[in-house]
Amino acid sequence: MLVLLALKMPIALTMLLPSTLGLVVMYGFETAAELVGHTAYAEAASWSLSVVPMFIFMGLMLWRSGMTTELFAAMTILFNRVPASLAVGTNMAGGGLAAVSGSTVGVTYALARIGIPEMLKAGYDKRMATSSVLMAGLAGQLIPPSILLVIYAGLASVPVGPQLLAGVVPGIFLVLTQCVALIAMAVVWPRLVGGRDHAISRQREVATIPAREKLQAIIRVWPVPVITLIVLGGMFTGTLTETEAGAAGALAALLLTVVRQGRKAFGMIKVAVVEAATATATVLFLLMGAAVISLVMSDTGLADALSTWILDSGFSRVQFLLIILVAYLLLGMIGETLVAMMLTVPILLPLFETLGIDALWFGVFAVLCVELGMVLPPVGILVYVVHGIAQDPEVNMGQKITLKDAFTGVGWLLPISLFVIAVLIAFPEMATWLPNRGSLE
């Protein structure tokens with residue numbers, strides 16, 4: 001498996017091929033083929049996974065409708081009087097986009113294109129500009145719709161609806177905590193946001209915008225709270241199942257795109273359908289690979305042996321979680337964090353009851369750790385995405401933005417994410433409170 005990963009094979013194949021070979025060695029070719037076929041089909045045919053294409057299509061439609069630009073504009077107007085107003089607006093826009101997208105890379109890409117040039121024009125330090133965009137995307141897989149949480153629900157065999165609700169409060173807390181940190185940094189080191197003169201100039205610039213235009217900019221983003229209310233409200237009250245909520249959100253996004261884009265919408269819909277189908281197939285393929293490798297782990301006794309060793313070591317709940325946190329971060333620094341989650345979750349599940357860990361809670365914890373791994377060196381895929389975008393002269397405004405600048409900016413806000421993880425460990429109710437109050441079973 002490690003060799004295949006090093007050869008840049010698709011993640012699903014790096015799990016599926018070695019595990020199939022293991023089954024052939026244990027049971028022979030015919031039995032192995034039957035086991036792989038049955039296991040893969042049973043995993044992919046789960047009705048709860050029908051929400052995946054709905055969420056992906058909804059996010060793609062909203063992105064293509066132009067909502068990203070309008071949401072960023074509205075947030076920067078709303079928060080123009082706070083220190084680091086553009087960075088805070090970027091962070092809040094990231095939270096809003098997360099609530100209707102479910103793609104961390106998509107949110108980060110959109111915000112980088114819009115936010116970095118605006119912050120650089122306002123005199124922001126380039127490290128501050130890149131870091132605020134990068135960290136704004138972290139909530140993308142915590143606030144529903146979240147494809148990673150759906151994948152985890154499939155791995156852990158927990159209900160998708162409650163698992164999605166479990167990410168709401170931690171996701172919002174992460175966004176708000178990062179906003180507070182950005183404001184504090186601007187107060188302590190005003191040069192990072194262009195100095196006080198730039199901040200005052202920015203406030204005056206926004207103040208010159210007529211109140212009517214400001215109100216219109218805010219009103220134009222009404223689809224974001226409405227669609228969020230449909231999806232989350234429907235699941236929370238039990239009025240809609242997770243699939244019905246996803247379908248309702250996708251339909252609303254489709255209609256919005258048609259209304260806003262007119263004839264151009266049909267071309268966008270065609271592209272979005274193909275992209276959603278491709279992404280859905282990728283997710284299902286990943287789950288197939290994880291299911292087959294979990295079968296091998298179980299049949300060889302390796303999973304039981306590892307579980308017994310961990311229990312015999314006498315680790316407490318907190319010690320165990322800190323070890324998992326460090327392992328995820330280390331794996332994130334050198335490779336695919338999604339692989340780490342898909343390999344570890346099936347093995348760790350038997351330990352949850354003994355250690356007093358709620359499976360819904362661990363899903364939020366694991367996804368947040370995986371997301372954090374996406375900004376850590378040397379791999380840090382999100383950092384490379386933003387760095388690539390920042391090479392465009394229209395984005396960097398004539399400034400040279402290096403990988404070192406991007407990773408340095410991440411380092412400034414990394415303690416905030418670790419603080420959120422610590423709070424999540426100390427107060428697990430943060431993740432379990434909302435699903436426990438909801439009506440969705």
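Nothing fancy with the numbering, it's 1 onward along the sequence.
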List the atom pairs, donor and acceptor, that lie under 3.5 Å between side-chain atoms in residues 12-21 and the rest of the protein, sequence neighbours left out.
from, atom 1, to, atom 2, distance (Å)
T14, OG1, I11, O, 2.5
S19, OG, M15, O, 2.6
S19, OG, L16, O, 2.9
T20, OG1, L16, O, 2.7

Backbone of [Y] reached by a side-chain donor or acceptor of [X] within 3.5 Å:
X: T39; Y: V36; answer: no
X: N436; Y: W433; answer: no
X: K126; Y: K400; answer: yes
X: Q391; Y: I401; answer: yes
X: W361; Y: A166; answer: no
X: N396; Y: A390; answer: yes
X: Q163; Y: V150; answer: no
X: R317; Y: I425; answer: yes

* Any idea how F407 and Y384 line up, ring-wise: parallel (<30°), tilted (30 to 60°), or perpendicular (>60°)? -> perpendicular
### Query
Should the pair R113-D392 be classified as a salt bridge under the 4.0 Å nitrogen-to-oxygen rule?
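Yes, this pair counts.
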- Query: Are any non-hydrogen side-chain atoms of T177 and V423 less than 4.5 angstrom apart?
  - Reply: no
Under 6.0 Å from the CD atom of E34, do we count more than 12 heavy atoms belonging to anything else shown?
-> no
With a 3.5 Å cut-off and sequence neighbours excluded, list the donor-acceptor pairs that the side chains of residues 260-277 form with protein atoms.
from, atom 1, to, atom 2, distance (Å)
R260, NH1, E70, OE1, 2.5
R260, NH1, E70, OE2, 3.2
R260, NH2, E70, OE1, 3.4
R260, NH2, R220, O, 2.6
Q261, NE2, S65, O, 3.1
E275, OE1, R64, NH2, 3.3
E275, OE2, R64, NH2, 3.0

Under the side chain to side chain contact (heavy atoms under 4.5 Å, CB included) criterion, do V364 and Y152 qualify, and how do the steps go?
CA-CA 9 Å; V364 177; Y152 171 82; over 6 Å; no
Compute whether any side-chain donor of one residue and acceptor of the other, for T344 and Y328, lie under 3.5 angstrom apart.
yes
Is it the case that T402 and D405 place a side-chain donor and acceptor less than 3.5 Å from each other? yes
